[in-house]
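Below is one structure. I have some questions about it.
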Amino acid sequence: MSSVRKAAVGTGYITLMNAIHLGIAFMFYMAIARILTPSEMGEVSLLFLVIAIFNTMTLLALNSAAIRFVSERFGMGKPEEASAAFWGSLKLMTIVAFPSFILVTATSPYLTRFMGGLDAPLVSMALSAGLVLNYTTILGGAFYGLFLYSLVAIQNTVYVGLGRFSAVALAKLGLGVYGVALGTLLGTIACLIYSILAIKGKLRRTRSNFPARQLLSYSAPIYLANIILLAQGWLDIAVLYRITADLAAVGVYYLVVSSTAILTVLPNSIASVLFPTMSYKVGESGTEGAKEILESTVHLSLLIIAPISLALAAVAPTALTIAYGAKYSVGSTVLAVAAFGVIPATMYTLLNSALQAAGHTRPVALAGAVSVLADLVMLMLAVPILSGAGAAMARVMTASAGFTVSYTAIRSRLRYRLSGGWRLLAYSGLTVMPLLFIDWTISLDVLIKGLLELAVFIFTAVILLKILKPFSERERSIIERVVPKNLKPIVRMILR
């Protein structure tokens, strides 16, 4: 199977996984927002923050090393080295994560004094979930490196599906935030059990050892970038809480900003598949082959994500009222700004993945550092004046700064340049115009208005696809490979 074909099939699996994942997450937020108070939603955000901190700090980005060296060594025809890279990554992570878990759990009663809103049992459950996630993430890296995208999809669906649904059920039974914590932990354990069963017989232990220094040398800049990404994802919430001292306000902001995650289905899917595919291509034929894959994936992603992001920004009040109730419509400005920010964030994600695949990890760290600095400056300037909207503006600035640095690096190393800008602008801008007209001028029941806006968006997008024909022949071919067979005639009719 060719690299492009692998990328297309892989993107299909991972897009389906992410769509299910984010669909479940969206239903989780819709349900949990009606069970917990806004203040308790603030506690949930802190709970997930603890998991994210432990997972990021103790994983050492060794899952990225597993993806890179497993896929690359198989591309070079060296399966034993690929296996050694996986087991070496797992061993290094354990050496760091397990003692860290014991130490932090033992000191959690003291740590909670500095974390208002979470007690020791909640922190302990969060840490346990973070530890289990470390192992599932390394195993997931091996699946990516082996191009076993279907296993990645099942792995993540088990975690998200069981974790989120059990969290809602336990919270509904009266456990509140404790139910969310316990449900999340159950999801991670189920995911680990499945992952262990799925990896059997695929990467057997070998007598040879993969050099730990090589694993760490590759993962260290990505580890720094992951720490920076952690700051990018949570710094706005921390600053907002610091300035407002209002856990309920933080809960509303967290819920609203989390809604934009649904827009990341496609770019995150493509980035996940782009990494091992480009690594394989680099090992097989050098950077020229990798550049070809990057050109198609970036252009395709932008043509899909830009109009959708702008459409959500245009109908933010309607979308929030339908999803979470009228009390959350106050966050419509935040949603509009955050939805617009998905466009530069998409580019940042894809270019970072390409740089990692080509082995240029230092620019990844540099882009992250610059983006966090831009984030911090914007937060300090905007949040005191604009509150949540200012924090959302900082997110846009973060993504834009990171994209600028990544694009500069990839232009010099792969000689890649963005193209087709006028078609993208025309297609995205014209698609969103009717939605702005409806939102500003027509008063209807919120559900009817939402359905009308959705129908108008789909109709306008299809008509413009026929007129502007923004997709190249190669991109149309990739789309047709990804969609299910029963939808291919419709897709061909729209794109051709």
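Heavy atoms only: backbone and side chains are in, while hydrogens, waters and symmetry mates are out. The structure displayed is predicted, hence computed values, not measured ones.
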Side-chain atoms of residues 25-32: list all donor-acceptor pairs with protein atoms under 3.5 Å, sequence neighbours left out, distances to 0.1 Å.
| residue | atom | partner | partner atom | Å |
| --- | --- | --- | --- | --- |
| Y29 | OH | Y254 | OH | 2.8 |

Which atom of L335 lies closest to which atom of L312, heavy atoms considered | CD1-CD2, 4.2 Å
In short, S89 meets L62 closest at the heavy-atom pair O-CD1, 3.6 Å
Step through the shown structure and confirm whether more than 12 heavy atoms of other residues, nucleotides or ligands are within 6.0 Å of CE on M393.
-> no
Separation of F98 CZ from I102 CD1 (nearest 0.5 Å) | 5.0 Å
Out of N63, I67, V70, which residue meets the side chain to side chain contact (heavy atoms under 4.5 Å, CB included) rule with Y144?
-> I67
So, S400 side chain and M397 main chain: donor-acceptor pair closer than 3.5 Å or not?
-> no
Can you measure from OG1 (T94) to CG (N134) and round to the nearest 0.5 angstrom?
-> 8.5 Å
Any V342 side-chain heavy atom under 4.5 Å of T346 side chain = yes
Closest non-hydrogen atom pair, S309 against I343 | CB-CG1, 4.0 Å
Across all chains, not counting sequence neighbours, the ring pair (Phe, Tyr, Trp, His ring centres under 6.0 Å) partners of F403 are Y407
Side chain proximity check, M93 to T137, heavy atoms < 4.5 angstrom = no
Using the side chain to side chain contact (heavy atoms under 4.5 Å, CB included) rule, take V168 and R164 through it: C-alpha gap first, then chi angles, then the decisive distance, then the call.
-> CA-CA 6 Å; V168 169; R164 294 294 187 263; 5.8 Å; no
For P363 and A409, work out which heavy atoms get closest and say how close.
-> CB-CB, 3.6 Å
Ignoring hydrogens and geometry, is there a side-chain-to-backbone donor-acceptor pair from W87 to L203 under 3.5 Å?
-> yes
Nearest-0.5 Å distance, CG of residue N55 to CG of residue L131 | 9.5 Å
Taking the side chain from S108 and the backbone from T105, do they hold a donor-acceptor pair closer than 3.5 Å?
-> yes
Min side-chain heavy-atom separation L46-Y241 under 4.5 Å | no
Can you measure from CG (L122) to CD (E43) and round to the nearest 0.5 angstrom?
-> 7.0 Å
Rounded to the nearest 0.5 angstrom, the CG-CZ distance for L146 and F86 is 9.0 Å
Report the distance from atom CD1 of I308 to atom CG of L303, rounding to the nearest 0.5 Å.
-> 11.0 Å
CD/Q214: more than 12 non-hydrogen atoms of other groups inside 6.0 Å | yes
Closest heavy-atom contact between A231 and D375?
-> O-OD2, 4.1 Å
Within the distance-only criterion (no hydrogens, no angle test), does the side chain of S371 pair as donor or acceptor with the backbone N or O of G368 below 3.5 angstrom?
-> yes
Please walk me through it: do V50 and F54 pass side chain to side chain contact (heavy atoms under 4.5 Å, CB included)?
-> CA-CA 6 Å; V50 172; F54 183 86; 5.6 Å; no
Beyond-backbone contact of L59 with I138, side-chain heavy atoms, under 4.5 angstrom = yes
Within-4.5 Å side-chain heavy-atom neighbours: M380 and V239 = yes
Only pairs under 3.5 Å count here: list side-chain donor-acceptor contacts from residues 178-199, not counting sequence neighbours, and write none if there are none.
| residue | atom | partner | partner atom | Å |
| --- | --- | --- | --- | --- |
| Y178 | OH | D119 | OD2 | 2.1 |
| T184 | OG1 | V180 | O | 2.8 |
| T188 | OG1 | L185 | O | 2.7 |
| S195 | OG | Q155 | NE2 | 2.9 |
| S195 | OG | C191 | O | 2.8 |

Measure across F69 and A85 and return the closest heavy-atom pair with its distance rounded to 0.1 Å.
-> CB-CB, 3.7 Å
Verdict with supporting geometry, L49 and I53, side chain to side chain contact (heavy atoms under 4.5 Å, CB included) | CA-CA 6 Å; L49 172 59; I53 289 175; 3.8 Å; yes
Under 3.5 Å donor-acceptor, S71 side chain and R68 backbone | yes
May I have the step-by-step check of side chain to side chain contact (heavy atoms under 4.5 Å, CB included) for T58 and F101, ending in yes or no?
-> CA-CA 9 Å; T58 60; F101 169 76; over 6 Å; no
Distance-only side-chain donor-acceptor flag, Y223 / S64, under 3.5 Å = no
